[in-house]
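Data block below; observations after.
Every chain is numbered from 1 and lettered A, B, ... according to where its sequence line falls, protein lines coming before strand lines.
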Amino acid sequence: MVSRAQRGAVADWFWTIDRFFLALFILLMGIGFMLSFAGSPAVAERLGLDSFHFVRRHSIFLIPSLITMIGLSFLTPRQVRRTAVIMLAVMIVLMVLVLFFGQEVKGGRRWIGIGALSLQPSEFMKPAFIVTCAWLFSEHARQPEVPGNLFAILLYGMIVALLIAQPDLGQTILTTAVWGGMFFMAGMPWLWIILLGGFATGGLVVAYTMLPHVAGRIDRFLTGEGDTFQVDTAREAIIRGDWLGRGPGEGIVKRIIPDSHTDFIFSVAAEEFGIIFCMALVLIFALVVMRGLTLAMRERDDFTRFAVAGLVLQIGVQSMINVGVNLELLPAKGMTLPLISYGGSSMVAICVTAGFILALTRHRPEKRAVERSLFRSGIGVPAE
Amino acid sequence: MSSFLSRIMVGKSKAHFSAGANGRSQSAPGAFQGTRKRRGNQARNRVVIMIGAFSIAYVVIAGRLVQYAMISDDTVASIGRADNLMASRPDILDRNGEVLATDIRTVSLYAEPHKIVDADEAVEELSTVLPNLNVTEIYNKLKSKSRFQWLRRQLTPKQQSQILALGIPGIGFRPEKRRFYPGGATASHVVGHVNVDNRGIAGMERYIDNQGLADLASVGMTSDARLEPVRLSIDLRVQNILRDVLMGGMSKFKALAAGGVIMDVHTGEILAMASVPDYDPNNPAAGAEDGWMNRMSNGTFEMGSTFKSFTIAMALDSGKVSLKDSFDARFPIRIGGFTIKDFHGKGRVLSVPEIFQYSSNIGTAKMADLVGIAPHKEFLTRLGLLSRVPTELPEVKMPSQPREWKKINSITISFGHGVSTTPLQTAVAGAALINGGHLIEPTFLPRTAEDAEASSTQVIKKSTSDDMRFLFRWNGINGSGKSARVPGYNVGGKTGTADKVVNGRYSADHNFNAFLAAFPIDDPKYVVLTFIDDPRSESGRAAIAGTTAAPMVHDLISRTAPLLGVEPKFGTDGSALLVSY
């Protein structure tokens, strides 16, 4: 056991890390690994691979993911900010390169090969972008003469342009939602909110009219007509699962839907493990978001507040889009379920997010100062 | 919600909320600090709004999950409700309560093609259990875009368990009721059968549907509750013997077909009726197509000399002829290029009983001539021989008659050529000749003698009927009906051997044999009619009714009379009995 008397990096980490967050993230990763047994063998067999091909790869990816998460959680807020800015710069470069050298998959250039690995820069861009924006917003708040908000808007414009160029509408919407949420929390005036909301709506209308596949998906969602095969099958699977599920391995949706190990893992889980299990899964995501936001609420440092809120927002919105599509609450949109779905880039990238969250939510002396002052004012504080 | 969540999430948050309020009051003076607090408060408020938004979204997701969980799994299946498939049909029983048709529970195999993972594999595995599966057809069904396909109806429990063991996704079973006929072909033409959707399409099954069951089913008013069974007038034991005798006759005489009916002369109840070849109603499609035809009610034949019974009854009933009269049968009648001769020509003047006994065409023709053409037609109409016989069976053929009745028609019809009737209606009209003159509609349902009498019509005088009984008895003892004699049962009857029309001409090589009989003829209870189509004698020649149809009646009566409750009477025409019976 690590002694409290020691002041080494590990001991410091052990006593200051937010164990609740850490437990939630590791729990999600465990559930993701368990569900990979449910969702991916059918996909592997369909692709003519060894049954446990994806399970094996999933378990291999868990190692760099865990190292990334734990490693990043050692950083101080300042280091987090620096890491994020550097990472964002690298990812922007890669996202430009991906437009020229990327591997085209399903009509989008999103992947870039680095040695034997292929990487999706836009996934890693998200946490870096969020932290960078949090920094810009906080600088603006601290010293209004610094045009932090303006820089944040410019940065957002650049990122969105790169995402649309791929094209990757899902990431665009996610990035917009998270950025908008952060800007909102950073005290965006209501006039701006209305303006930007109008812009976002306008953007969606443009996407609807300019991109036929987007229009098709939205039409199908609204009218329920057309090829709704995937979502219909997902819906039937969830209903078939009922409260308690059909039992592990008893599902059939995984044999039918192509993306059963990624975008539709939620339906696979519902069919085999039941709706109660799915509610628990959603609850875990809800806990991550709610704890992140409540921590942000009581945080005194603006940068940390915005960054933590933005990062949990990313996990929350991304999981919500995925679950919403599975439950036919949203139009079909490919989006992985954070920490659960199969996919190397997305898993490691989400662990960057998780690592940043852990790093920023560590108990720091300046927070304790507030607690102490509270203590003095005579209001009871539960023992730590 | 948010405060609740925040309380669970961060134990100290409540304290911090209050800390905010407290803190402000404590350190209000500092201008810089004030700005900072204000900004901090604004950010806090914004975060609270954010928490509220997320809470709403999570409530929506949870609500959707609950909604999905409340939907019963059945509604996801692409198939309709089970009502039609599980709809009951009434059991059909014979007059003694033996089961002729009943419902049994089976399962049918269906596929939901959009859930089929690997059609090739599914077909391959299914064919291990169902070897005679049409592989191409099933494959196409599984590959189709539809959401529901029947693969095989009405499987056995063993097949079901084997298919379940294969574990093929996307297929399933629906319970169904299947009609089962324990007697197989025994009463096939009477009971009829149902199609794969359990609708009666032949025989009494169809009659039941026509009585309103089908209408109920079409508006979804069916139930899977047990229905009151339908009891028939058929006696399964008698029916079985009848069919056995007919099958034996058909094979013995290498005939095309045979048929028979036993009817209660007082109630019109059909005790047994069979037409062979027949089919197994459990699997109608499997049999040969000529087995589907019910020749007894849906086939018409020229009855030949059997028809002389009606001609003589007509002559007697008209009052112009009595049993004591005689007719000159020495010379053939020449009319319109035809020559009417006698088969068993005696070359002398014949009395009326002799005309019946020797089946004299000349004598019968002269009697018809004496009565006249219009009364002849009217008489046959009165006996129901020129119209469709009214009964429950749907398969009833309209008899045929000449478009215009000329003298030649009347003459040939007098001995059974020129009018084609169904064997069933011939037996029904025959019953009227010997039961006191009451024409009773035949029925396949139980009926009392009182009901029958109430609905019957008097078609000949009682005295004529008495005379006809005498003639039947006379012929049964002395004439062509001798071979039908059963000691103790006083069988009387009239044979008929008609040349069949082959290629538009009457052929002496192809006969239709019939025997119309009743027993016990002194107090008739049952009328029996058998026919056999194109029988061969042992030498391979066309056989006559006295050697085919009449012996079949003999077999029939000797085997069924005890079952029909007819007491034998020995002593009057046989030797004295040594033991009391």
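Interface residue A:Val317: backbone and side-chain heavy atoms are both found under 4.5 Å from chain B. Residue A:Phe137: no heavy atom, backbone or side chain, is found under 4.5 Å from chain B. At a 4.5 Å heavy-atom cutoff, the contact between A:Val282 and chain B is made by backbone and side-chain atoms alike. Using a 4.5 Å cut-off between heavy atoms, A:Leu244 does not touch chain B at all.
Residues A:Phe184 and B:Ile49 form a side-chain contact, since some pair of their non-hydrogen atoms from C-beta on lies under 4.5 Å apart. Between A:Val323 and B:Arg64 the shortest side-chain heavy-atom distance does not fall below 4.5 Å. Using a 4.5 Å heavy-atom threshold, the side chains of B:Met70 and A:Trp243 count as touching. Side-chain contact check for A:Arg235 versus B:Ile71: some heavy-atom pair is nearer than 4.5 Å.
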Under the criterion side-chain contact (heavy atoms from CB on, under 4.5 Å), I'd like the reasoning laid out for B:Phe54 against A:Leu313: C-alpha separation, chi angles, the key distance, then a yes or no. CA-CA 9 Å; B:Phe54 266 93; A:Leu313 219 56; 3.1 Å; yes
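How far CE of A:Met290 is from CD1 of B:Ile51: 6.5 Å, rounded to the nearest 0.5 Å. The CE atom of A:Met297 sits 13.5 Å away from atom CE of B:Met50, with the distance rounded to the nearest 0.5 Å. Annotation: the span from B:Ile61 atom CD1 to A:Ser319 atom OG amounts to 7.0 Å, rounded to 0.5 Å. Interatomic distance, B:Asp118 CG to A:Glu45 CD, rounded to the nearest 0.5 Å: 11.0 Å. If you take CD on B:Gln67 and CD1 on A:Ile239, they are separated by 8.0 Å, rounding to the nearest 0.5 Å.
Although no hydrogens or angles enter the test, the distance criterion places a donor-acceptor pair under 3.5 Å between the side chain of B:Tyr68 and the main chain of A:Leu327.
Applying the 6.0 Å contact sphere to CD of B:Glu124 captures no more than 12 heavy atoms from other residues, nucleotides or ligands. For A:Trp135, the CH2 atom counts as loosely surrounded, since its 6.0 Å shell holds 12 or fewer non-hydrogen atoms of other residues, nucleotides or ligands.
Considering all non-hydrogen atoms of both residues, B:Ala69 and A:Asp242 come closest at O-OD1, 3.0 Å.
Contact count versus chain A (heavy atoms, under 4.5 Å) is highest, among B:Leu65, B:Val117, B:Val66, for B:Leu65.
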